[in-house]
Amino acid sequence: MRIEPKVVTPTPSATTRESSQPAKTTSGVEGASVVKLSSAGVAASGSTDANHGITAKLATIRTQLATGTYPVDLDRLASRIVDDELLRGPGAKK
């Protein structure tokens, strides 16, 4: 397989991904079925409370990023940039 360095594929935005997904409806479709997990299946699939907390936190961060109110810890960011440069070493190309 040949890789063309000049070919750039744009990444879809969040709104493009959401709008391109088919509607999740089963009306009018023959043979469609609804599957639900039993209580044992829900327990085996992981903690829903922990997943809900993570989902809520990510939703909050997405909202803050969209509105431009996400607080950036500049000291932490600078520290990570310095650590990255140190790991690259003195002979690394920029």
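Starting from 1, each residue takes its place in the sequence as its number.
- Salt bridge annotation for Asp84-Arg88: present, with a cationic side-chain nitrogen under 4.0 angstrom from a carboxylate oxygen.
- Residue Ile61 is grouped with residue Leu74 when hydrophobic side chains (ILVMFWY) are merged at heavy-atom distances under 4.5 angstrom, including chains of intermediate members.
- Distance CG/Leu65 to OG1/Thr60: 11.0 Å, rounded to 0.5 Å.
- Checking side-chain atoms of Ser79 against main-chain N and O of Asp75 turns up no donor-acceptor pair under 3.5 Å.
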